[in-house]
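Quick caveat: nothing in here was measured; it's all calculated off a predicted structure. Because only heavy atoms are used, hydrogens play no part in the values below, and waters and symmetry mates are left out as well, while side chains stay in. Order of appearance sets the numbers: ligands from 1, and atoms from 1 within every ligand.
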Amino acid sequence: MMRTSPRKLLQGATGVVFLMFYTTLLIFWDHRDSSMPTPLRDQFKAAGEEEQPLGFQERAPRSLSESDYPVDEPGFDNRTSNITINRDSNTNTVAVNAFRKKIVNNVDLKDVFISIKTTKSFHQSRLIWIFKTWFVLAKEQTYFFTDGDDPDIQSKTGGHLVNTNCSSSHNRKSLCCKMSVEFDRFLESQKKWFCHFDDDNYVNVPRLVKLLQMYNPQEDWYLGKPSIRAPLEILSRENTQQKIAFWFATGGAGFCISKALALKMMPIASGGKFMSVCEKIRLPDDVSVGYIIEHVLRKKLTVVEHFHSHLETMKFIKSSSFSDQITFSYSKFGSEMNVLTIEGFDLKIDPTRFISLHCHLFPSFDFCPP
Ligand SMILES: *[C@@H]1O[C@H](CO)[C@@H](O)[C@H](O)[C@H]1NC(C)=O
Ligand SMILES: *[C@@H]1O[C@H](CO)[C@@H](O)[C@H](O)[C@H]1NC(C)=O
Ligand SMILES: *[C@@H]1O[C@H](CO)[C@@H](O)[C@H](O)[C@H]1NC(C)=O
């Protein structure tokens with residue numbers, strides 16, 4: 001039998017003091033997000049959160065909480081499958097080609113690499129809305145990054161489904177793993193712009209191209225929208241006295257990075273190194289992108305308000321402004337749907353409103369009502 005030595009007691013006392021300190025930090029976080037994984041809680045906080053006005057969309061960075069992710073997928077009616085796009089139809093081709101001709105700032109749709117992060121369990125429920133709508137406008141540019149093989153989806157994407165071999169769980173490691181593969185694939189593609197979106201985004205393709213044409217891809221650009229009011233503050237891992245503050249674009253709203261900036265990120269983030277950065281700072285994929293760009297490379301996020309994630313209330317986006325928005329999203333919590341308010345198809349056929357939105361933006365598509 002071992003006796004408790006004075007040294008053990010001292011260690012115990014230190015532990016108690018540490019625990020008290022730690023608990024204070026936990027209390028700080030608890031009102032926001034009690035499900036945040038423990039190792040993260042003492043590392044960062046969003047500065048200035050006390051001043052937040054009601055209704056401002058704020059979240060702890062994604063993957064820190066399960067509630068950040070929609071709990072349910074909107075179901076659909078068997079009538080939904082009647083809505084199909086004839087890819088060879090003339091009217092669709094006209095709509096697609098209308099904006100392909102314009103080349104400004106040496107940027108055209110063909111210069112953009114669009115990556116969609118998804119997971120195998122969402123292939124059927126989420127990708128259907130993308131395939132029926134905006135994917136048709138950018139099928140050569142768009143790649144889907146997932147965590148399992150799926151011959152049906154592989155063929156629907158025209159061979160653009162990438163099995164990242166990352167884990168299918170919705171945790172930091174897996175999200176970082178996928179982002180890492182997305183980034184490497186972009187670099188291989190030699191395109192001028194890297195745009196990342198989630199599988200619950202509608203991307204207004206011509207509007208995205210118009211945005212990118214405003215910026216020179218040979219300069220450093222990081223375009224996106226933060227979901228917190230003030231820069232994120234974390235304590236430096238090397239020197240715990242030092243605070244680091246930086247902005248990051250919410251992955252769920254979409255963001256774009258110019259080639260020039262991506263090349264600067266290469267030594268830090270390519271060839272799987274992105275995962276090491278996530279591990280080191282223990283923050284999710286989109287936050288880690290912000291960390292690399294803003295903190296390590298000292299480049300600034302350019303805020304683009306036209307990106308929208310499912311954390312925002314979709315009905316607040318005015319229909320008169322739809323054509324000016326770049327991304328949209330949806331979510332479902334229990335029976336409550338967070339979707340755009342838009343006239344069009346029956347809610348049962350089009351629960352996400354993406355099909356109605358698509359017809360609002362591109363009325364000449366053949367499934368759109370005359
Ligand atoms: C749709 O489903 C309903 C019942 O779930 C069925 O009665 C109906 O025949 C189906 N319609 C089609 C077009 O498959
Ligand atoms: C689907 O389309 C077919 C052919 O246009 C039509 O006959 C059928 O009624 C439609 N089914 C539903 C469920 O809307
Ligand atoms: C995933 O694993 C398969 C089989 O080993 C391999 O062929 C493929 O290249 C891997 N994917 C990636 C993105 O590394």
Side-chain angles (χ1 to χ4, degrees), residues 61-63 69 109-128 130-131 134-135 138-201 203 222 224 248-252 254-259 261-293 296:
R62 74 150 161 242
S63 93
Y69 223 58
L109 177 62
K110 71 168 169 34
D111 299 310
V112 188
F113 183 88
I114 298 176
S115 74
I116 309 293
K117 177 173 58 67
T118 187
T119 184
K120 196 168 178 187
S121 59
F122 290 155
H123 285 180
Q124 293 305 325
S125 61
R126 289 193 179 185
L127 299 188
I128 165 179
I130 294 177
F131 293 152
W134 68 267
F135 176 63
K139 53 182 193 286
E140 273 142 46
Q141 290 72 34
T142 308
Y143 288 79
F144 296 82
F145 292 82
T146 191
D147 41 41
D149 292 325
D150 188 333
D152 172 45
I153 297 292
Q154 188 59 271
S155 104
K156 283 187 175 134
T157 61
H160 284 196
L161 185 73
V162 179
N163 181 357
T164 58
N165 301 319
C166 301
S167 136
S168 62
S169 57
H170 187 73
N171 59 23
R172 171 171 52 82
K173 214 167 189 161
S174 163
L175 295 174
C176 287
C177 175
K178 282 176 194 163
M179 182 67 78
S180 186
V181 178
E182 287 176 49
F183 185 68
D184 285 344
R185 274 303 188 94
F186 162 70
L187 291 173
E188 277 170 32
S189 78
Q190 310 264 336
K191 303 259 169 150
K192 294 175 184 168
W193 284 97
F194 169 44
C195 294
H196 160 96
F197 302 100
D198 274 0
D199 56 4
D200 59 356
N201 284 136
V203 181
Y222 173 33
F248 67 94
T250 304
F255 60 80
C256 298
I257 294 171
S258 65
K259 181 171 187 173
L261 180 55
L263 291 176
K264 292 197 174 76
M265 293 167 70
M266 225 172 112
I268 310 159
S270 70
K273 288 203 264 318
F274 182 76
M275 279 184 279
S276 319
V277 175
C278 285
E279 275 313 296
K280 186 179 146 220
I281 63 171
R282 297 191 171 215
L283 290 172
D285 55 346
D286 52 355
V287 187
S288 298
V289 169
Y291 172 87
I292 292 170
I293 296 172
V296 182

| request: For Ser288 and Phe274, run side-chain contact (heavy atoms from CB on, under 4.5 Å): C-alpha distance rounded to whole Å, both residues' side-chain angles, the deciding distance at 0.1 Å, then the answer. | output: CA-CA 8 Å; Ser288 298; Phe274 182 76; 3.7 Å; yes

| Hey, is atom 4 (C) of ligand 3 under 4.0 Å from any protein heavy atom? | no

| task | List every atom of ligand 3 that sits less than 4.0 Å from any heavy atom of Asn165, numbering the atoms from 1 in the order shown and giving each element. | result | 1 (C), 2 (O), 3 (C), 8 (C), 10 (C), 11 (N), 12 (C), 14 (O)

| task | Return yes if a side-chain donor-acceptor contact under 3.5 Å exists between Thr119 and His170, otherwise no. | result | no

| request: Ignoring hydrogens, tell whether any protein atom lies closer than 4.0 Å to atom 14 (O) of ligand 3; use the non-hydrogen atoms only. | output: yes

| Any protein heavy atom < 4.0 Å from atom 11 (N) of ligand 3 | yes

| Among pairs that include at least one residue of residues 262-277, which meet side-chain hydrogen bond (donor to acceptor under 3.5 Å, both in side chains), considering only residues two or more places apart or in two chains? | Asp220-Lys264

| Ring-ring centroid check Phe122 Phe144, cutoff 6.0 Å | no

